[in-house]
Amino acid sequence: MSEHKQEEEKSLNFIEEIIEADLAAGKYQQIVTRFPPEPNGYLHIGHASSIVLNFGLTQKYPGYTNLRFDDTNPVTEETEYVDSIKDDIRWLGFTWKNELFASDYFGKLYEFAIILIKKGLAYVDDSTSEEIAAMKGTPTHPGSNSPFRDRSAEENLDLFRRMKEGEFPDGSRTLRAKVDMASPNMIMRDPILYRIKHAHHHRTGNEWCIYPMYDFAHGQSDSIENITHSLCTMEFVPHRELYDWLIKQLEIFPSHQYEFARRNLNYTVTSKRKLLQLVNEQHVVGWDDPRMPTISGLRRRGYTPASIRDFCERIGIAKRENLIDVSLLEFCVREDLNKVASRRMVVFDPLKIVLTNYPEGQEEMLKSEDNPEADPVQYREVPFSRELYIEADDFMENPPKKFFRLAPGQMVRLKSAYIIRCDEVVKDADGKITALHCTYIPESKSGSDTSGINVKGTLHWVSIKHAVSAEVRLYDRLFRVEDPSNEEGDFKDYINPDSLHVISRVYAEPALLQSGSGDRYQFLRKGYFCLDKDSSANNLVFNRTVTLKDAWAKEQKKN
RNA sequence: UGGCCUAUAGUAUAAUGGUAGUACGACAGAUUUUGGUUCUGUUUGUCUAGGUUCGAAUCCUGGUAGGCCAACCA
């Protein structure tokens, strides 16, 4: 291994440091992590970061990663979400060791509750939710003890059993841990362990009418699975004290929780609640709308799994607040797509060109690189003829300095074809440009150019006679501001009204007709595109994944 | 009248008491049959005040700023 490589490996994130120390100390022979989503929504880019972290760790170190659904709240959870989550993780390229559900442990968790009751560490509380809240105190004032706090273990056992048997209505009673109502940590003020919910659960059906709270399920689930390093986001830091307390009282495997800061992306939102609102209120077409930061949205947009993994690795992991620039995500997908995407020529806004010295009725097939980055380079054939379309904004009648495209009297190369010169601008009665009359330089044919002419610009084009039509959907950021959640008022007030621009008819070279589902292309000088699921045999629809970097647009902005 | 977490270029992240580095972005240039790619260069940073130390981004104390905690949500 090279010195450089070792240098790279020295730079560990704080979790890898902990793991390496644990491994070196012989604390564990292998590590076990888990990805623990609640099946109540679709995964987004923030989850991708957690997935890459958890699965990445057990690819790097001996051990494995479980997929565990934290399904302790039957009213919000659905099998549809379970399936989409599994699809997304697989698509990202990861394989879990065991597929588990917190609901697998409902029996075990019930027994844990009994143990706590017997130890005098849990009690049934008849207080209403309002009363419990009132007795909870505030962050700056201690809470007060519930009047039901000192029930006997026998009475608690009886009441808890009857809660399970369904004798009491929803909300009438809870099981609470007996910890410390004066704790400076609000989580430790006799947290609720179980609540009554006569609700159908997506997996256990009607077997249970009491359900454990997340706090009574999560830590023990980790423990049951022998999770060595339980990774979660910073908002769970105060919960760790409770997990550790429960593990100690229950005398079970000591999983240890480590927290990292959730990743935020600018110009979007990553909160299931907000994403759900965007879907329900139809600001987007669904969870997989290509503008959504969901994994399914990114997939439909044309992002590759590799680019998302690369992004997650590049942003790293730490504990401080962050707002990551979406330009890094875009960089990652461009870098990947540049290597793998086939090139095609597509004209979005056509301007007709007639090559007056090219014989009428003549046509020829020209070779063009499928991808110049590929090794070896493959070629495709592109038909060429007398009448072509070029992009309207590739021509200017009165060009500014440094405009390397077509203008009266100016020469330019047509990609993989010939150099042409603009001789005449044809206009209609209103003075609108309808066509350009040009001459082509026969000796300048791509690959066998003996003309000796040097041009600064190269344009994409398409033969009118051979052109096929397609629809393209151009996406921009969903929000106008970097951090919509942090603005005055409702985050939805900051939705970008121009986040979708549809061009219903563009003109493409015929090779595009061979597109299959999920094909990714670079439309020359336009950006990266992929075939959308809305496509049909006679209506191709392409989503723009990301634009190309555009130095000319930048140049124009300066002026 | 609380507890906990955090603070390094515009953004993200290294440096683990010993030269503040990397990536993205921005800017400039070279190359280019994509104004893409590639390559080169430039710019910008340790929140603050003390303390410990030969030496502090790093350790300690105070301050400041931001975040989290008062769902029968997760």
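Residue numbers start from 1 in every chain, and the chains themselves are labelled A, B, ... in the order their sequence lines are given, proteins ahead of strands.
In this structure, A:Glu373 atom CD and B:U37 atom P are separated by 9 Å, rounded to whole Å. Atom CE of A:Met181 is separated from atom C1' of B:G3 by 15 Å (rounded to the nearest Å). The CG atom of A:Leu323 sits 14 Å away from the C1' atom of B:G67 (whole-angstrom rounding). In this structure, the NE2 atom of A:His141 is 13 Å from the P atom of B:G3, given to the nearest Å. Regarding A:Asp310, its CG atom lies at a distance of 18 Å from the P atom of B:A12, rounded to whole Å. Look at NZ on A:Lys526: it is 11 Å from P on B:G35, rounded to the nearest Å. The separation between A:Asp394 atom CG and B:U33 atom C1' is 14 Å, rounded to whole Å. Atom NZ in A:Lys549 sits roughly 11 Å away from atom P in B:C39 (whole-Å rounding).
Taking the O4'-C1'-N9-C4 or O4'-C1'-N1-C2 dihedral as appropriate, B:A9 has a value more than 90° from 0 and is therefore anti.
Under the 30°/60° scheme for interplanar angles, the aromatic rings of A:Tyr81 and A:Tyr42 are found to stand perpendicular. The aromatic rings of A:Phe101 and A:Phe69 sit parallel, their planes meeting at an angle under 30°, below the 60° perpendicular limit. Below 30°, between 30° and 60°, or above 60°: for A:Phe542 and A:Tyr521 the angle between ring planes is above 60°, a perpendicular geometry. Under the 30°/60° scheme for interplanar angles, the aromatic rings of A:Tyr258 and A:His256 are found to lie parallel. Relative ring orientation between A:Phe523 and A:Phe529 is described as parallel, the plane-to-plane angle staying below 30° on a 0-90° scale split at 30° and 60°.
Listed pair A:Arg263 / B:U11 fails the phosphate criterion, with no side-chain N or O lying under 4.0 Å from OP1 or OP2. Neither OP1 nor OP2 of B:U37 sits under 4.0 Å from any side-chain N or O of A:Lys339. Listed pair A:Arg320 / B:U13 meets the phosphate criterion, a side-chain N or O lying under 4.0 Å from OP1 or OP2.
By the 4.0 Å N-to-carboxylate-O rule, A:Arg173 lies too far from A:Asp125 to be salt-bridged with it. Under the 4.0 Å criterion applied to side-chain N and carboxylate O atoms, A:Arg149 and A:Asp190 are assigned as salt-bridge partners. With salt bridges taken as basic N to acidic carboxylate O contacts below 4.0 Å, one links A:Glu235 and A:Arg262. At a threshold of 4.0 Å, the pair A:Glu335-A:Arg314 counts as salt-bridged, since one of the basic side-chain nitrogens sits closer than that to a carboxylate oxygen. With salt bridges taken as basic N to acidic carboxylate O contacts below 4.0 Å, one links A:Glu391 and A:Lys526. Using a cutoff of 4.0 Å between basic side-chain nitrogens and carboxylate oxygens, A:Arg203 and A:Glu77 are not scored as salt-bridged.
Using a 4.0 Å heavy-atom cutoff across all strands shown, A:Pro142 reaches no nucleic acid atom at all. Within 4.0 Å of A:Phe403, counting heavy atoms only, lies at least one base atom of the nucleic acid. Using a 4.0 Å heavy-atom criterion, one finds that A:Gly143 contacts no nucleic acid atom at all. Using a 4.0 Å heavy-atom cutoff across all strands shown, A:Glu241 reaches no nucleic acid atom at all. A:Ile317 comes within contact range of the sugar-phosphate backbone alone, with a heavy-atom separation under 4.0 Å but no base atom that close. Contacts of A:Arg343 with the nucleic acid, taken as non-hydrogen atoms under 4.0 Å apart, include base atoms. Looking at heavy-atom distances under 4.0 Å, A:Ile324 makes contact with sugar-phosphate atoms alone, never a base.
For A:Gln522 and B:U34, a side-chain-to-base donor-acceptor distance below 3.5 Å is present, hydrogens and geometry of angles not being considered. At a cut-off of 3.5 angstrom, counting only N and O atoms as typed in the model, there is a donor on one side and an acceptor on the other between the side-chain of A:Arg405 and the base of B:G35.
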Reading nucleotides 68-74 of chain B from 5' to 3' and marking B where a protein heavy atom lies under 4.0 Å of the base, S where only the sugar-phosphate is that close, and - otherwise, the string is SSB-BSB
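Cation-pi geometry between A:Lys319 and A:Phe260 is not satisfied (NZ or CZ under 6.0 Å from the ring centre, within 45° of the ring normal). Note that A:Lys164 lies in the cation-pi zone of A:Trp208, set by a 6.0 Å cut-off to the ring centre and a 45° limit from the axis. Cation-pi contact between A:Lys367 and A:Tyr379: present, with separation from the ring centre below 6.0 Å and deviation from the ring axis of at most 45°.
Secondary-structure stems of RNA chain B, taken as three or more successive Watson-Crick or G-U wobble pairs (i with j, i+1 with j-1) under a 3.5 Å distance threshold, comprise B:2-7 with B:64-69, B:10-13 with B:21-24, B:26-30 with B:38-42, B:47-51 with B:59-63.
When the C1' atom is compared between B:G21 and B:U34, the two are found 34 Å apart, to the nearest whole Å. The gap from the P atom of B:G51 to that of B:U58 amounts to 14 Å, rounded to the nearest Å. Of the C1' atoms belonging to B:U11 and B:A70, the separation is 34 Å, rounded to the nearest Å. Look at the C1' atom in both B:A23 and B:U8: the space between them is 15 Å, to the nearest Å. Nucleotides B:G67 and B:C72 are separated by 24 Å at their P atoms, to the nearest Å. The C1' atoms of B:U61 and B:C54 are separated by 22 Å, rounded to the nearest whole Å. Separating the C1' atom of B:U46 from that of B:A65 is a span of 16 Å, rounded to the nearest Å.
Both A:Leu524 and A:Val237 lie close to RNA chain B; mapped to their nearest nucleotides by heavy-atom distance, the more 5′-ward contact belongs to A:Val237. The nearest heavy atom of RNA chain B to A:Asp325 and to A:Thr140 marks one nucleotide each, and the one closer to the 5' end goes with A:Thr140.
Of the residues in residues 327-337 of chain A, A:Ser327, A:Leu328, A:Phe331 come within less than 4.0 Å of RNA chain B through at least one heavy atom, sorted by number.
Residue A:Arg413 places its side chain closer to B:U33 than to any other of B:G36, B:A12, B:U33.
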